[in-house]
S.K.: 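Mind having a look at this structure? Questions to follow.
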Protein chains: 2
Amino acid sequence: MEEGTYKSPGHCEGTDRDYDALQWDTREDCEVRQILDRVADKWSLLVIALLDRHTLRFTELRRKIDGISQRMLTVTLRQLERDGLVERTVYPVVPPRVEYALTPLGATLHDTIQALVTWTEGHQNEIAAARAAYDAREAAEAQARPPEHTRV
Amino acid sequence: MEEGTYKSPGHCEGTDRDYDALQWDTREDCEVRQILDRVADKWSLLVIALLDRHTLRFTELRRKIDGISQRMLTVTLRQLERDGLVERTVYPVVPPRVEYALTPLGATLHDTIQALVTWTEGHQNEIAAARAAYDAREAAEAQARPPEHTRV
DNA sequence: CGGAATCCTGCCTGATACTG
DNA sequence: CAGTATCAGGCAGGATTCCG
């Protein structure tokens with residue numbers, strides 16, 4: 001990331017204006033897709049969710065977000081900071097102390113993200129059931145299905 | 001992906017019960033994290049957002065979601081179907097016709113996701129401004145910063 | 001403690017060919 | 001059309017090391 005290098009994964013030069021309903025994907029300033037990719041990021045979402053009002057230190061975040069590598073936490077925090085969603089405060093003390101907190105903008109996003117978390121918590125049982133049903137169906141079909149050209 | 005192989009990226013055996021505030025990350029049935037990773041997926045989010053009431057065919061989704069590979073669309077749709085969020089209907093006609101639509105459960109998720117999309121659309125300018133400010137600050141610091149051990 | 005730098009692996013994309 | 005299969009190439013991300 002040199003400086004302001006938007007690599008723009010989405011093309012942006014999408015000239016297909018035959019969209020009738022929704023197609024904010026590529027067009028519509030094109031930035032929406034880019035921001036959405038950031039916001040809809042696995043790690044970003046967790047960081048935003050955790051920074052609900054209390055500030056957290058780097059290691060605290062690392063510990064709370066099980067499975068994240070220190071590199072990805074760094075990268076994620078930098079991105080969120082650049083996007084103006086998270087504020088990074090460095091205290092020039094002997095053991096370095098860096099605290100992260102949501103900016104006012106980040107706080108508004110937190111509400112939305114929290115809704116997503118709440119939804120997930122409230123529907124995990126239904127999803128688990130759907131998965132079980134799907135897997136059972138799959139297994140049954142695999143059973144009944146003749147081994148077309150399964151070989152071996 | 002053999003059949004029901006939950007590889008469980010999150011450990012689940014997290015025994016650190018020193019969490020005081022939020023730590024739904026690893027514990028709390030542990031499934032929340034897994035589902036959240038699915039829901040907070042770049043492609044899943046776009047698919048759900050696009051399937052707002054109208055059903056869409058495979059190719060239609062592919063065309064609307066610029067940048068997605070056919071493989072990832074297939075994978076994403078399968079996962080969403082397994083999670084009971086998307087329903088896949090196959091019409092046994094000569095040119096195969098497969099339609100995807102949100103299930104009732106998926107529709108409830110759509111509302112939440114739509115809120116995220118709306119937030120993004122409504123704040124893209126602020127984010128763009130924050131990025132510009134951040135980049136300018138970075139550039140200024142890089143300018144003023146002495147080339148410590150830059151070599152060459 | 002909070003990173004930055006490096007290496008290295010694995011997944012994703014993109015292209016192509018083949019089914020039903 | 002709606003996939004599945006395969007291979008090449010790139011890059012995102014994990015693990016490790018070292019520095020302020």
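This structure is a prediction, so every number in the text was calculated from the model and none was measured. Every chain is numbered from 1 and lettered A, B, ... according to where its sequence line falls, protein lines coming before strand lines.
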S.K.: Atom pairs under 3.5 Å, N or O on each side, protein against nucleotides 5-7 of chain C: can you list them with distances?
M.R.:
none

S.K.: Side chain of A:M72: nearest nucleotide among D:dA2, C:dT13, D:dG14?
M.R.: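 Looking only at heavy atoms from C-beta outward on A:M72, the closest nucleotide is D:dG14.
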S.K.: Is there a side-chain polar atom (N or O) of A:Y100 under 4.0 Å from OP1 or OP2 of C:dG3?
M.R.: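 True: A:Y100 side-chain N/O within range (under 4.0 Å) of C:dG3 OP1/OP2.
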S.K.: Does C:dC11 have OP1 or OP2 under 4.0 Å away from a side-chain N or O of B:W43?
M.R.: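 Answer no for this pair, as no side-chain N or O of B:W43 is under 4.0 Å from OP1 or OP2.
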S.K.: Taking only side-chain N and O atoms of A:S69, does any of them lie within less than 4.0 angstrom of OP1 or OP2 on D:dA15?
M.R.: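 Checking D:dA15 against A:S69, no side-chain N or O comes under 4.0 Å of OP1 or OP2.
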S.K.: Establish whether A:I48 and A:M72 are linked, either directly or via other cluster members, by ILVMFWY side-chain heavy-atom contacts under 4.5 Å.
M.R.: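 Yes, one cluster joins them.
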S.K.: By nearest atom, which of the nucleotides D:dA2, D:dC1, C:dC1 is closest to the A:P96 side chain?
M.R.: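 Nearest nucleotide to the side chain: C:dC1.
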S.K.: How many Å lie between CG on B:L77 and C1' on D:dC1, as a whole number?
M.R.: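 Whole-Å distance recorded here is 14 Å.
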S.K.: Check this one for me: any side-chain N or O of B:R88 less than 4.0 Å away from OP1 or OP2 of D:dG3?
M.R.: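 Looking at the OP1 and OP2 atoms of D:dG3, one of them is under 4.0 Å from a side-chain N or O of B:R88.
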S.K.: Can you pull out every salt bridge (charged side-chain N to carboxylate O under 4.0 Å, His left out) where at least one residue sits in residues 98-107 of chain B? Sequence neighbours excluded, please.
M.R.: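 Found B:R97-B:E99.
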S.K.: Any salt bridge linking B:D83 with A:R131? Criterion: basic side-chain nitrogen under 4.0 Å from a carboxylate oxygen.
M.R.: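 The answer is yes: the pair qualifies as a salt bridge.
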S.K.: What nucleotide among D:dG14, D:dG3, C:dG3 has an atom nearest to a side-chain atom of A:F58?
M.R.: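 Nearest listed nucleotide: C:dG3.
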S.K.: To the nearest angstrom, how far is A:E99 atom CD from C:dC1 atom P?
M.R.: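 Taking CD of A:E99 and P of C:dC1, I get 14 Å after rounding.
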S.K.: For D:dT4 and B:R78 - does any side-chain N or O of the residue sit under 4.0 Å from the phosphate oxygens OP1/OP2?
M.R.: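 So the side chain of B:R78 is within the cut-off, an N or O lying under 4.0 Å from OP1 or OP2 of D:dT4.
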